[in-house]
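To keep things clear, I will list the structure first and then write my remarks on it.
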2 protein chains.
Amino acid sequence: MYSQRKLKMNTSKKLQDIKVAVDAVVFGYFDKEDLHILLIKRNIEPFKGGWALPGGLVLDDENLDDAVRRELHEEAGIKPDFLEQLYTFGNVGRDPRNRVVSVTYLGLVNPSYHQLSADSDADDAQWFSVNKLPDLAFDHKEIIDTALKRLRTKIQYQPIGFNLLNEEFPFSDLENLYKTIIGQEIDRRNFRKKIMSYGLLNETQNVKKEGSGRPGKLFTFNQEKYKELEEEGFYFEIK
Amino acid sequence: MYSQRKLKMNTSKKLQDIKVAVDAVVFGYFDKEDLHILLIKRNIEPFKGGWALPGGLVLDDENLDDAVRRELHEEAGIKPDFLEQLYTFGNVGRDPRNRVVSVTYLGLVNPSYHQLSADSDADDAQWFSVNKLPDLAFDHKEIIDTALKRLRTKIQYQPIGFNLLNEEFPFSDLENLYKTIIGQEIDRRNFRKKIMSYGLLNETQNVKKEGSGRPGKLFTFNQEKYKELEEEGFYFEIK
DNA sequence: CCAAAAGTGTTAAGAGTACACCCATGC
DNA sequence: GCATGGGTGTACTCTTAACACTTTTGG
């Protein structure tokens, strides 16, 4: 279409036959557990009864972002707090039926604010630990691997992790979240110093009630401050 | 397609009508000049006679990467040394005719090794300074902005810039390249120390002949060494 | 008073940054 | 010998990394 050759192709009846889909890798974090991913049980062939990422074909008059949000809403009743494009998978043969190019997204939600499958049109939607994933349909395993890699890189220089926590959270939740995602121990003191130095946390008057030990103060994430800093070219970095 | 609703949609005659294209932002660097981008003059409507990124529709049996490489070869006679997926642009209305989702790529070539338009099917292929771009077709300006942003970020932590230089280059070429891309002065001594500390450059016995002043030693980039380091989880960083 | 988690500072090492003069060549 | 670009070292500052004890609460 952008050059004569393509025009010829199009007008000579041999129309392109490729479908465009979106799929989302949505991460959820359950306090002190592994990172989880949202999967949908397929109720049609191929891979009927198997697990797959939420997603589906894009409508003709719908932007890509809107398509993912719609699918997530329909299939799992979820509206992610954070959602960004991940990568586009389009190799021949990744879907056994048609050629399908899938634009994938990385999303984050706090599962405690989202009841799964409220009014879903899918058989079943469920959270799976990234360490105990079932066999997956299509090339969805590869998509998840890509998403995990991206998440691990990204969380080290952008404070996206806050979307996975409750609105008010004790500092230790943030600590555990980072430990979980990065997959290694972090120095509590240095981590706290660093995070605090950015001034992105507001201290509340509340304290954590549950659990044993000394109750921790609860914090909220200062979204406005973050946007301010971001515009000034600020660069968050965690190791 | 991944859920019943979509299946119904497909079988009820209302088939999806979206085209899949690829477009490439290929950067070339001419010694001591601005960074350049490869553009193609369109010879069909819309935007006939205007400038656009090289690209076109993906063939049914062709992987996305192959499609970009094919288009670049056809339209400009170029085979980029570096090519990676950038972002997928798919908003409704970005092409005035059909709905087109474009998977875009970022490429780097050394123009001195590539003659433009050798056996091209496009009207014309030309290098434009990123600072003197013509009006562009579709949303291609936005795509270029995204690519520039990505290049500027990426070059600071991955030595992709070497693809823009000759096989043997004086150190000053590298210096100028970084200055050009990042768009600011760099400290010559510190930059050299840093680059050298990674051990990625091999010194050759040759020296630069042209130009005035003291001739500089020529270096080559050690690709194997880079891959080695990359596997060990090495992280290149330039400021 | 015991267990559990929260909260807190200091020091040493390393990395980054700023900075200016001599060298080799062509004309 | 002068103009041009190449090549090099040091001192200071700032950031990162390592490290352990006290506090608050519930039971």
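Below, chain A is the first sequence line, B the second, and so on; all start at residue 1.
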List the residues meeting side-chain hydrogen bond (donor to acceptor under 3.5 Å, both in side chains) with B:Glu168, not counting sequence neighbours, and say none if there are none.
B:Asn206
Please report the distance, rounded to the nearest Å, between CZ in B:Arg192 and C1' in C:dG16.
19 Å
Which residues pass the ring pair (Phe, Tyr, Trp, His ring centres under 6.0 Å) test with B:Phe89, not counting sequence neighbours?
B:Tyr87
With salt bridge (charged side-chain N to carboxylate O under 4.0 Å, His left out) as the rule and sequence neighbours excluded, what pairs involving residues 188-197 of chain B come up?
B:Glu175-B:Arg188
What pairs of donor and acceptor atoms, side-chain ones from residues 223-230 of chain B against any protein atom, are under 3.5 angstrom apart with sequence neighbours left out?
residue	atom	partner	partner atom	Å
B:Tyr226	OH	B:Glu230	OE2	3.1

Which residues share a ring pair (Phe, Tyr, Trp, His ring centres under 6.0 Å) with A:Tyr113, sequence neighbours left out
none
Please report, rounded to the nearest Å, how far the P atom of D:dT25 is from the CD atom of A:Glu210.
16 Å
When rounded to whole Å, the CD to P distance for the pair B:Glu185 and C:dT17 reads 15 Å
Step by step, work out the salt bridge (Lys or Arg N to Asp or Glu O under 4.0 Å) result for B:Lys141 and B:Asp145.
CA-CA 6 Å; B:Lys141 182 66 173 68; B:Asp145 289 342; 3.0 Å; yes
Is there a residue in residues 155-173 of chain A whose heavy atoms reach under 4.0 Å of DNA chain D, and which residues are they?
none
Exercise answer: donor-acceptor pairs, residues 158-167 of chain A side-chain atoms, under 3.5 Å, sequence neighbours excluded:
residue	atom	partner	partner atom	Å
A:Gln158	OE1	A:Lys154	NZ	3.4
A:Asn163	ND2	A:Ile160	O	2.9
A:Asn166	OD1	A:Asn110	ND2	2.8
A:Asn166	OD1	A:Ser112	OG	2.8

Letter by letter from the 5' end, nucleotides 21-27 of chain C scores (B base, S sugar-phosphate only, - none; protein heavy atoms under 4.0 Å) --BBB--
Contact list (N/O, under 3.5 angstrom) for nucleotides 9-15 of chain D vs protein:
residue	atom	partner	partner atom	Å
D:dT10	O4	B:Lys193	NZ	2.9

Does A:His36 have any ring pair (Phe, Tyr, Trp, His ring centres under 6.0 Å) partners at least two apart in sequence or in another chain, and if so, which?
A:Phe30
Distance, rounded to the nearest Å, where B:Glu175 contributes CD and D:dT8 contributes C1'
13 Å
Please name all residues satisfying ring pair (Phe, Tyr, Trp, His ring centres under 6.0 Å) with A:Tyr157, sequence neighbours left out, ordered by chain then number.
A:Tyr235
Quickly work out the B:Glu237 CD to C:dG14 C1' distance and round it to whole Å.
14 Å
Can you list the residues that meet the side-chain hydrogen bond (donor to acceptor under 3.5 Å, both in side chains) rule with A:Thr88, with sequence neighbours excluded?
B:Thr88
Do A:Thr104 and A:Asp23 have side-chain N/O donor and acceptor atoms under 3.5 Å apart?
no
I need the CG-P distance between A:Leu174 and C:dA6, as an integer number of Å.
12 Å
Tell me the interatomic distance from B:Phe191, atom CZ, to D:dG6, atom C1', rounded to whole angstroms.
15 Å
Separation of atom NZ in A:Lys217 from atom P in D:dT25, rounded to whole Å:
12 Å
